[in-house]
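Read the structure below first, then the notes.
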Amino acid sequence: MKEKTEELRKKLSEMLAAAETDAAVEAIRVSFLGKKGAVAELMAELRNAADKKSAGQIINEFKTEAEQMISDAAERIKRAALDAEIRSAKKYNPDIRMNNVRGSYHPITLVSREVEAIFKSMGFTVEDYYEIVDDYKCFESLNIPKHHPARDMQDTYYLDNGQLLKTHTSAAQNAIIRKYGAPLRAIFPGRCFRNEATDACHENTFFQMEGIMIDENISISNLIYFMKTMLSEVFERDIKVRLRPGFFPFVEPGFELDINCLICGGEGCPSCKGSGWLELCPCGMIHPNVLAEGGIDTEKYTGFAFGLGLTRLAMMKYGVKDIRDFNSGNLKALSQFGSN
Ligand code: PHE
């Protein structure tokens with residue numbers, strides 16, 4: 001009897017391992033434990049056996065074991081089905097309203113959308129771009145060759161494969177110029193990264209909004225017009241600005257557009273490093289080398305570019321005194337600017 005139950009156990013174990021549905025397991029259960037199943041057959045044999053008692057015990061033990069094996073298999077199949085359901089995300093839809101938490105947009109998302117709407121209304125397309133880029137995109141295509149001192153200001157995080165976290169949204173210029181050619185009006189917001197010692201006005205992770213316009217006869221006046229229009233719409237009032245010469249290898253001439261610090265009104269505070277002015281928007285006329293690298297005919301077309309500090313703009317607009325609040329994950333600080 002021992003050999004017979006051993007053989008049945010082996011067979012049962014193999015069949016259960018191969019079973020993939022509830023119905024298959026049920027069929028196996030019937031064929032082993034059902035009225036006309038294998039166990040019942042063994043019981044029938046018992047009638048004539050000499051060692052009724054010990055053989056009966058062996059069959060009973062096998063029966064108990066078989067029941068356990070079958071219920072284990074059924075459980076395994078149930079779990080697998082549940083896992084598959086969760087993975088397909090059909091059932092996995094936790095209802096966060098149950099915690100009575102209402103979501104809110106991050107202040108940077110809010111200003112970004114506002115600026116996007118303003119530029120869209122002026123015929124600009126809104127583009128998206130990667131956060132991890134290569135050296136060519138971030139520097140070389142922008143007229144910043146290897147070992148150029150301008151790279152010092154933009155130390156960043158490098159990956160083992162030589163790629164890097166983009167230091168400015170300008171890293172998308174080449175790809176977008178190539179994608180559309182001239183004439184072109186595009187803005188591209190994005191997260192940027194730099195190796196910074198953080199303080200109230202410096203972060204290692206921040207947002208910029210790049211803008212480029214390329215067409216025939218584009219000049220600095222166009223640049224100033226678009227900047228002024230945008231800023232006065234964002235702040236809903238006249239904003240004092242000043243232009244200073246600024247050097248960036250990818251523009252010529254280049255400028256720093258500063259706005260009067262709206263937190264202290266120009267008297268000087270930690271947010272503006274005591275100067276009363278806030279560097280908000282470096283800009284300039286796109287360098288012919290950059291246009292040419294993007295496949296643009298530099299005899300025919302000129303263009304301007306700006307790199308609006310979106311994080312700074314959000315600080316000014318909402319009166320946020322410490323730039324580090326934006327990445328703090330502190331809902332008390334971040335959820336007060338609009339719920340949707
Ligand atoms: N990419 C520059 C920076 O982040 C800013 C910039 C953009 C300057 C476009 C000029 C034109 O420092």
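Both counts, for ligands and for their atoms, begin at 1 and track the order of listing. FYI, the numbering just counts along the sequence from 1. Just the heavy atoms: all of them, side chains too, but no hydrogens, waters or symmetry mates, feed the values below.
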Task: Flag, side chain of K166 to backbone of Y130, donor-acceptor distance under 3.5 Å - done: yes
Tell me which donor-acceptor pairs under 3.5 Å the side chains of residues 16-30 have, and how far apart each pair is, sequence neighbours excluded?
unit_1, atom_1, unit_2, atom_2, d
T21, OG1, A24, N, 3.1
E26, OE1, R29, NE, 3.1
E26, OE2, R29, NH2, 3.0

Open item on the list: Centre-to-centre under 6.0 Å for F250 and H168, is that the case here?
Closed with: yes
Task: Within residues 264-292 or reaching into it, pairs that qualify as salt bridge (Lys or Arg N to Asp or Glu O under 4.0 Å) - sequence neighbours excluded - done: R244-E279
- [ ] Could you tell me how the ring of F306 sits relative to the ring of F119: parallel (under 30°), tilted (30 to 60°) or perpendicular (over 60°)?
- [x] parallel
Anything under 3.5 Å between a donor and an acceptor, one on a side chain of residues 226-234, the other on a protein residue two or more places apart or in another chain? List them.
unit_1, atom_1, unit_2, atom_2, d
T229, OG1, Y225, O, 2.7
S232, OG, K228, O, 3.0
S232, OG, T229, O, 3.2

- [ ] Could you name the protein residues that come within less than 4.0 Å of ligand 1, counting only heavy atoms, and order them by chain and residue number?
- [x] Q154, H168, S170, R194, Q208, E210, F248, F250, V251, P282, C283, A305, F306, G307
